[in-house]
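First comes the structure, then the notes that go with it.
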2 protein chains.
Amino acid sequence: MKPARGSDEDSPTRTALLDAAELIMREEGYAAVSTRRLAARAETNSALYHYYFGNMDNLFVELFRRGAERSYHRQLEALASPQPLWSLWEAIHDQSHTALTMEFVALANHRKAIRTEIADSSRRFRTLQLDAVTKILADYGKPAETYTPGALVLLMSSISRFLRMEEAFAVDTAHDEAIELIESFLRAVEGERRQPRP
Amino acid sequence: MKPARGSDEDSPTRTALLDAAELIMREEGYAAVSTRRLAARAETNSALYHYYFGNMDNLFVELFRRGAERSYHRQLEALASPQPLWSLWEAIHDQSHTALTMEFVALANHRKAIRTEIADSSRRFRTLQLDAVTKILADYGKPAETYTPGALVLLMSSISRFLRMEEAFAVDTAHDEAIELIESFLRAVEGERRQPRP
DNA sequence: GTCTATACCGAGATAGAC
DNA sequence: GTCTATCTCGGTATAGAC
């Protein structure tokens, strides 16, 4: 019988293993996350990884969930701000640090447990954003003739992720034009950005 | 002294190894591409992989280059068609089959040789698209007030890739609205799509 | 060019002491 | 909970016969 502790557990060792996994993934990719590397990075031994997670899928899912939870709350806060569209845009754009995201996407292509987790998470984010943006645009009046809520949400998400991805390759041709496309719309409905980015 | 044949070589064995690599990457991810698996898939032996490629980076770079070359020509053809914007959009959207692309992006995060290759390739595509779209929009008259060429090109690329990525997770909320955003613009400048997709 | 054989290393997994 | 020890498998790489 496998122990396979649930996510409610939060021992220091368990956290150290998750932190180590995140670090290794960022630096060398998901394929480099191995029991031995984890043990070395977390300054423990490989048997504890088995004790806490049982297998890699469980560990990856936990790690993804941890990050998604943070992002979700960040976006919730953004939507409660005085300029919710600007704040949402900034939150999405900041969070599109894709090195880690792309690792999970690649992983998901071949591991069902992770695919399911990302899919559920994506739908949850989309629902949050869509409901909020629908309400915000309605409150502002009529400008739904430019972008529907769905189009706007997907536009922000797509542009952010794609630009961040290219930035990682030091490619940035015409990026400013794409950013301006979104920000000119934000200015039109919500005025100039007032708060400086924190 | 390593043999490390250049890309000019095209022996059947070499091609078989590249084909095998592509298959394994698609099905199980880049991490599953190993000398033994390659040999098994290509029905040869692992020593030949060393003979032809020397190491994995070289093989991955060759494989990426092979695919990029095909895409580049596909886009060149698209741009020569009677409705170049529609054709370009379809070419980009069709080619955003991201399973393989995402593998390369993830790989690139940690392998310099591949990062460089993708960066160069991306710039080459961007230049082609940007030059062409600039000329096309100018020829059509004035509608640069809606999208600048750079914004349009990045919009098509971002939306395509992001939507394809989500499709892989069976997430498609509001996708039709994003597609419509682009296609309504295409209809406005280039009329209804005439050719059916091949 | 192609193959077999093999050296060597690090992967995941688990048994069992403490 | 934590650790050591150890099993087995599959990875890369290379030497050398044909």
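All figures in this text were calculated on a predicted structure; none of them were measured in a lab. Naming convention: chains lettered A, B, ... in sequence-line order (proteins, then strands); numbering from 1 in each chain.
- When only modelled atom types and interatomic distance are considered, B:Ser87 and B:Ser81 share a side-chain donor-acceptor pair under 3.5 Å.
- C:dT14 atom P lies 17 Å from atom CZ of A:Phe53, rounded to whole Å.
- In terms of the side-chain hydrogen bond (donor to acceptor under 3.5 Å, both in side chains) criterion, B:Glu77 has no residue partners (sequence neighbours excluded).
- Spacing between atom CG of B:Leu17 and atom C1' of C:dT2 amounts to 12 Å, rounded to whole angstrom units.
- With values rounded to the nearest 0.5 angstrom, B:Glu117 atom CD is found 12.5 Å from B:Leu107 atom CG.
- Among residues two or more places apart in sequence or in another chain, the ring pair (Phe, Tyr, Trp, His ring centres under 6.0 Å) test is passed with A:Tyr49 by none.
- Note: A:Leu155 CG to B:Ser158 OG = 8.0 Å, rounded to the nearest 0.5 Å.
- An end-to-end axis angle of 0° holds for the helix from C:dG1-D:dC18 to C:dC18-D:dG1, taken from five base pairs per end and rounded to 10°.
- A salt bridge links A:Asp19 and A:Arg66; the closest N-O separation between the charged side-chain nitrogens and carboxylate oxygens is under 4.0 Å.
- We find that CG of B:Asn45 is positioned 5 Å from P of C:dC3, with the value rounded to whole Å.
- Taking the ring axis of A:Phe169 as reference, the NZ or CZ atom of B:Arg115 does not stay both within 45° of it and closer than 6.0 Å to the ring centre.
- In this structure, a donor-acceptor pair under 3.5 Å is absent between the side chains of A:His175 and A:Glu180.
- The distance between atom CD1 of A:Ile24 and atom C1' of C:dG10, rounded to the nearest whole Å, is 14 Å.
- Aromatic ring centres of A:Phe162 and B:Phe162 lie farther apart than the 6.0 Å criterion allows.
- Side-chain nitrogen and oxygen atoms of A:Thr13 include none within less than 4.0 Å of the OP1 or OP2 phosphate oxygen of D:dG1.
- Remark: P of C:dA13 and CG of A:Asp57 are 10 Å apart, rounded to the nearest angstrom.
- Rounding to whole angstrom units, OH of residue A:Tyr51 and P of D:dG1 are separated by 4 Å.
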Write out a two-atom table: protein N or O, nucleotide N or O from nucleotides 6-12 of chain D, distance below 3.5 Å.
residue : atom : partner : partner atom : Å
D:dG11  : OP1  : B:Ser34 : OG           : 3.0
D:dG11  : N7   : B:Arg36 : NH1          : 2.3
D:dG11  : N7   : B:Arg36 : NH2          : 3.4
D:dT12  : OP2  : B:Thr35 : N            : 2.4
D:dT12  : OP2  : B:Thr35 : OG1          : 2.3
D:dT12  : O4   : B:Arg36 : NH1          : 2.9

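- B:Gln129 contributes no side-chain N or O that, together with a main-chain N or O of B:Val153, makes up a donor-acceptor pair within less than 3.5 Å.
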So which protein N/O to nucleotides 16-18 of chain D N/O distances come out below 3.5 Å?
none

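- Atom pair A:Asn58:CG and C:dG12:C1' shows a separation of 14 Å (rounding to whole Å applied).
- With sequence neighbours excluded, no residue forms a ring pair (Phe, Tyr, Trp, His ring centres under 6.0 Å) with A:Phe60.
- Rounding to whole angstrom units, OH of residue A:Tyr52 and P of C:dG12 are separated by 19 Å.
- For D:dG1, the OP1/OP2 oxygens have no side-chain nitrogen or oxygen of A:Ser11 closer than 4.0 Å.
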